[in-house]
Amino acid sequence: MMDPCPAGASPQFELCASILAADFACLAKDIRAAEAAGVDAFHIDIMDGHFVPSISFGVDMVRTMRRLTQKPLDVHLMVKNPLAFVPELSQLKVERVSVHYEIPGGPDKALQAICDAGMQAGLVLNPETAPTVAEPYLPLLRQILLMTVQPGRGGQPYLPGSNEKITALHTLLEQHGSGALIQVDGGITSKTLPGAYRAGARSIVAGSAVFGGAIGPGVKALRQSCPAK
Ligand code: DX5
Ligand code: ZN
């Protein structure tokens with residue numbers, strides 16, 4: 001039996017800005033603008049060039065972000081061996097770390113190590129992975145991240161069928177009495193956010209919609225589109 005993960009607040013709605021779409025030539029300025037616009041957390045996509053074809057950045061970017069903001073850091077590990085990242089992320093006092101179900105050998109050890117290190121754990125499911133695979137892990141999870149695009153790059157359109165999958169996961173969580181949040185990542189705009197929210201997503205990751213244009217108006221448009229407000 002796995003040990004339970006430390007519990008965290010369960011927001012009615014949180015907006016996590018994915019820095020993959022930020023302008024790295026003026027990262028500090030973009031982070032300040034996103035904070036001023038009212039984002040709740042920063043989502044950091046680490047890619048290793050193996051689990052996904054792209055390489056983004058590594059733990060040094062997390063270190064930089066820790067210096068730039070007091071907001072929670074939400075790290076999404078698109079890597080084959082997430083366990084290897086846990087000690088450094090823990091040292092950096094990262095709040096949340098999410099790992100993919102689809103990694104070789106499965107996510108069990110990495111999820112347990114994240115919890116043991118006092119961080120909050122998330123399980124990520126690729127678009128083609130069934131929500132039911134999350135069942136054995138529920139006691140450990142702060143969040144289940146449903147990929148609403150194929151993982152590996154920003155700026156892709158929200159995949160059809162995503163809202164039905166969110167609904168199915170929401171039903172499953174209710175059946176199990178689980179307080180895990182449903183997080184969605186990929187293709188979120190002011191057009192797609194309302195459907196995801198109504199289906200049960202409460203943690204919303206957005207990259208291009210936050211950093212792709214003027215940051216203040218981008219965040220405002222996302223927030224105003226949320227049926228809960
Ligand atoms: C995709 C990443 C996302 C990405 C989302 O693999 O996990 O976090 O930054 O970007 P947008 O919001 O542009 O689809
Ligand atoms: Zn992500």
Side-chain angles (χ1 to χ4, degrees), residues 14-24 27 30-31 34 37 39-59 61-62 65 71-80 82 85 89 94-103 107 110 114 120-129 142-163 165-166 181-197 201-215 217-219 221-223 225-226:
E14 66 172 15
L15 182 59
C16 307
S18 176
I19 65 162
L20 195 61
D23 182 351
F24 300 139
L27 184 63
D30 275 12
I31 298 308
V39 304
D40 300 300
F42 288 98
H43 180 87
I44 307 175
D45 290 302
I46 296 185
M47 306 179 194
D48 65 355
H50 295 284
F51 182 72
V52 289
S54 315
I55 294 175
S56 54
F57 32 68
V59 174
M61 178 58 94
V62 181
M65 285 297 296
K71 296 275 183 199
L73 301 181
D74 183 79
V75 173
H76 175 188
L77 291 175
M78 280 169 272
V79 303
K80 262 189 168 171
F85 289 77
L89 294 176
V94 163
E95 282 79 1
R96 316 172 197 153
V97 183
S98 297
V99 300
H100 275 259
Y101 172 78
E102 301 85 1
I103 55 173
I114 292 163
Q120 295 185 318
L123 180 66
V124 194
L125 308 186
N126 276 343
E128 63 278 5
T129 302
R142 187 258 183 192
Q143 61 194 27
I144 301 172
L145 196 179
L146 294 182
M147 290 306 304
T148 44
V149 298
Q150 290 299 337
R153 55 195 175 82
Q156 305 177 73
Y158 192 75
L159 282 171
S162 294
N163 292 346
K165 190 169 171 185
I166 297 166
L181 283 181
I182 302 179
Q183 187 177 61
V184 286
D185 184 11
I188 293 292
T189 65
S190 54
K191 297 271 186 304
T192 56
L193 190 156
Y197 182 87
R202 291 293 178 272
S203 177
I204 307 285
V205 177
S208 311
V210 171
F211 294 110
I215 293 170
V219 170
L222 286 170
R223 282 214 179 272
S225 76
C226 179

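Read the numbers this way: they start at 1 and go in the same order the structure lists the ligands and their atoms. Everything quoted here is computed from the prediction, not taken from an experiment.
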S.K.: Tell me which N, O or S atom of Asp45 sits nearest to the Zn ion (ligand 2).
M.R.: OD1
S.K.: Indicate yes or no: at least one non-hydrogen side-chain atom of Pro82 is less than 4.5 angstrom from one of Pro107.
M.R.: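 The answer is no; the side chains never approach within 4.5 Å.
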S.K.: Can a donor-acceptor pair be found between the side chains of Asp45 and Ser18 at a distance below 3.5 Å?
M.R.: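 Yes, Ser18 and Asp45 have a side-chain donor paired with an acceptor closer than 3.5 Å.
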S.K.: Is the count of non-hydrogen atoms from other residues, nucleotides or ligands lying under 6.0 Å from Lys71 atom NZ greater than 12?
M.R.: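 Atom NZ in Lys71 is crowded, with more than 12 foreign heavy atoms closer than 6.0 Å.
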S.K.: What angle sits at the Zn ion (ligand 2) between ND1 of His76 and OD2 of Asp185, to 10°?
M.R.: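 Between OD2 of Asp185 and ND1 of His76, at the Zn ion (ligand 2), the angle is about 90°.
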S.K.: For residues Leu159 and Thr148, determine if any side-chain heavy atom of one lies less than 4.5 Å from a side-chain heavy atom of the other.
M.R.: no
S.K.: Between ligand 1 and the protein, which N/O pairs fall short of 3.5 Å?
M.R.:
from     : atom 1 : to     : atom 2 : distance (Å)
ligand 1 : 6 (O)  : Gly152 : N      : 2.7
ligand 1 : 7 (O)  : Asp45  : OD1    : 3.0
ligand 1 : 7 (O)  : His76  : ND1    : 3.3
ligand 1 : 7 (O)  : Asp185 : OD2    : 2.8
ligand 1 : 8 (O)  : Ser18  : OG     : 3.3
ligand 1 : 8 (O)  : His43  : NE2    : 3.4
ligand 1 : 8 (O)  : Asp45  : OD1    : 3.3
ligand 1 : 8 (O)  : Asp45  : OD2    : 2.8
ligand 1 : 8 (O)  : Asp185 : OD1    : 2.7
ligand 1 : 8 (O)  : Asp185 : OD2    : 3.1
ligand 1 : 9 (O)  : Ser18  : OG     : 2.7
ligand 1 : 9 (O)  : Asp45  : OD2    : 3.2
ligand 1 : 12 (O) : Gly207 : N      : 2.7
ligand 1 : 13 (O) : Gly155 : N      : 2.9
ligand 1 : 13 (O) : Ser208 : N      : 3.1
ligand 1 : 13 (O) : Ser208 : OG     : 2.4
ligand 1 : 14 (O) : Gly187 : N      : 2.8

S.K.: Asn126 side chain to Glu128 main-chain N or O, any donor-acceptor pair under 3.5 Å?
M.R.: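 Not at all, since once roles are kept as given, no pair shorter than 3.5 Å links the two residues.
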S.K.: Kindly assign one of parallel, tilted or perpendicular to the pair Phe24 and Phe57, based on the angle between their ring planes and the thresholds 30° and 60°.
M.R.: perpendicular
S.K.: Among Leu222, Leu15, Val210, Val149, which one satisfies side-chain contact (heavy atoms from CB on, under 4.5 Å) with Ile188?
M.R.: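 That would be Leu222.
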